[in-house]
Amino acid sequence: MAAAAAVLGALVLAAPPAAAPPPLSLSARPTVVTAEDTVQLFGRLSNGVTGQTIQIEMSDCNGYGWRVVDHTETGSLGAWGTEVHPNVTTKFRARWRDSPSTVVTVRARPDIFIDNHHHARLLIQVRANDYFKRALLERRAATRWVRVKTVALGRGPFGSGADLHLKLARGTRLRVSLSQVQVGRCYLPASATTV
C-alpha cells in the first residue's frame, strides 16, 4: 500500500503543470465571409486594466508570415474591439506586450459580381486577393441547375473577369460558380445568381 502511494505521488509530481490561459482573449465574428467583408475582432485583457495597447496581427493564406495590421486600446474591464476586412482566408491574433492571444481563422470566399445586360451580354467580375482562371456558368431549369459552359476568366483591374455575349430568353436565371478546385486552398467555393 505504501509502495503504491509512493508511485502515485511520483506520478503526480512528474505530471507537467497545466498551461495557464493567455492573458488576452480573441474572438472573431463572423468567421466565414465574402472577400473584403467586415469582421469584428474583440476580446478582453484578463487583468481588466483600461488604456492598454493591443496589437492586431494577421497572416494571409499563402502570405509571408505575421504582420501588424492594427492597434487598439482596452476599455472598461479590459475589453477591446476593432474591425478588419480580409480578402483571403486569414489567421488573426492579438498581442499585449509580449503575450499573444490564441489564433483565430477567418475563411473567405471570392466576391462574384454578375451583370446581365439586356439579356445579351453577361459581365462577370471576381474580386479577391488572387486571380482565377475559370468559372462555371449554369442556367436554372425547373428545380435544378444545368451546365451551360466553362468560362475562361482574364485578369482585369478589379480581379478576374469575363465579358460574354449571350442570347438569353427573358427571365433566364443564371449562376456563376467557383468550385473548391478552381479557388484553391485559400478560399471557400463561391457562387452568384442573376436573372
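Along the sequence shown, residues are numbered consecutively beginning with 1. Fair warning: this is a prediction, and the values are worked out from it, not measured in the lab.
- With E36 contributing its side chain and V88 its backbone, the two residues share no donor-acceptor pair below 3.5 Å.
- In this structure R185 satisfies the salt bridge (Lys or Arg N to Asp or Glu O under 4.0 Å) test with no other residue, sequence neighbours excluded.
- Looking at T34 and R127, their side chains never come closer than 4.5 Å, going by heavy atoms from C-beta outward.
- A donor-acceptor pair is defined here as one N or O able to donate and one able to accept, closer than 3.5 Å; no such pair exists between the side chain of Y187 and the backbone of A128.
- Side-chain contact annotation: E83 with Q40, donor-acceptor N/O pair under 3.5 Å present.
- When side chains are defined from C-beta on, H85 counts as touching T38, because their heavy atoms get closer than 4.5 Å.
- Judged purely by atom type and a 3.5 angstrom limit, S25 uses its side chain to pair as donor or acceptor with the backbone of R44.
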- Message: Evaluate W80 against Q52 for side chain to side chain contact (heavy atoms under 4.5 Å, CB included), listing each step before the verdict.
- Response: CA-CA 9 Å; W80 63 271; Q52 297 294 296; over 6 Å; no
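- Residues N62 and N129 form no side-chain contact, since every pair of their non-hydrogen atoms from C-beta on lies 4.5 Å or further apart.
- Contact detail for I112 and A192: the closest heavy-atom pair is O-CB, 3.6 Å.
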- Query: So T193 and W145, side chain to side chain contact (heavy atoms under 4.5 Å, CB included) or not? Walk me through it.
  - Reply: CA-CA 11 Å; T193 60; W145 290 100; 3.9 Å; yes
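- Between R67 and M58 there is a side-chain heavy-atom pair separated by less than 4.5 Å.
- With respect to the salt-bridge test (charged N to carboxylate O, under 4.0 angstrom), the residues D115 and R121 do not qualify.
- Here the side chains of L26 and L41 are in contact, with some heavy-atom distance below 4.5 Å.
- Residues passing the salt bridge (Lys or Arg N to Asp or Glu O under 4.0 Å) test with E57, sequence neighbours excluded: R93, R95.
- Note that the CG atom of L153 and the OH atom of Y131 stand 12.5 Å from one another [nearest 0.5 Å].
- Taking the side chain as every heavy atom from C-beta outward, P86 and F92 approach each other to under 4.5 Å.
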What pairs of donor and acceptor atoms, side-chain ones from residues 97-108 against any protein atom, are under 3.5 angstrom apart with sequence neighbours left out?
residue: S101; atom: OG; partner: A94; partner atom: N; Å: 2.9
residue: S101; atom: OG; partner: A94; partner atom: O; Å: 3.3

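- With hydrogens and angles ignored, the 3.5 Å screen pairs no side-chain donor or acceptor of T89 with any backbone N or O of C61.
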- For side chain to side chain contact (heavy atoms under 4.5 Å, CB included), just list the numbers for T82 and H71, CA-CA rounded to whole Å, side-chain angles, deciding distance to a tenth of an Å, and then say yes or no. CA-CA 8 Å; T82 190; H71 289 89; over 6 Å; no
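- A pairwise comparison of heavy atoms in T50 and L77 identifies CG2-N, 4.3 Å as the closest pair.
- Looking at R173, R175, K149, R144 one by one, the single match for salt bridge (Lys or Arg N to Asp or Glu O under 4.0 Å) with E138 turns out to be R175.
- Note that CD1 of I124 is 9.0 Å distant from CG of L174, once rounded to the nearest 0.5 Å.
- A 4.5 Å side-chain heavy-atom check between I114 and L122 finds at least one atom pair inside the cut-off.
- Remark: side-chain polar atoms of S46 are paired, donor with acceptor, to backbone N or O of P23 under 3.5 angstrom.
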- Query: So L166 and T172, side chain to side chain contact (heavy atoms under 4.5 Å, CB included) or not? Walk me through it.
  - Reply: CA-CA 11 Å; L166 302 172; T172 300; over 6 Å; no
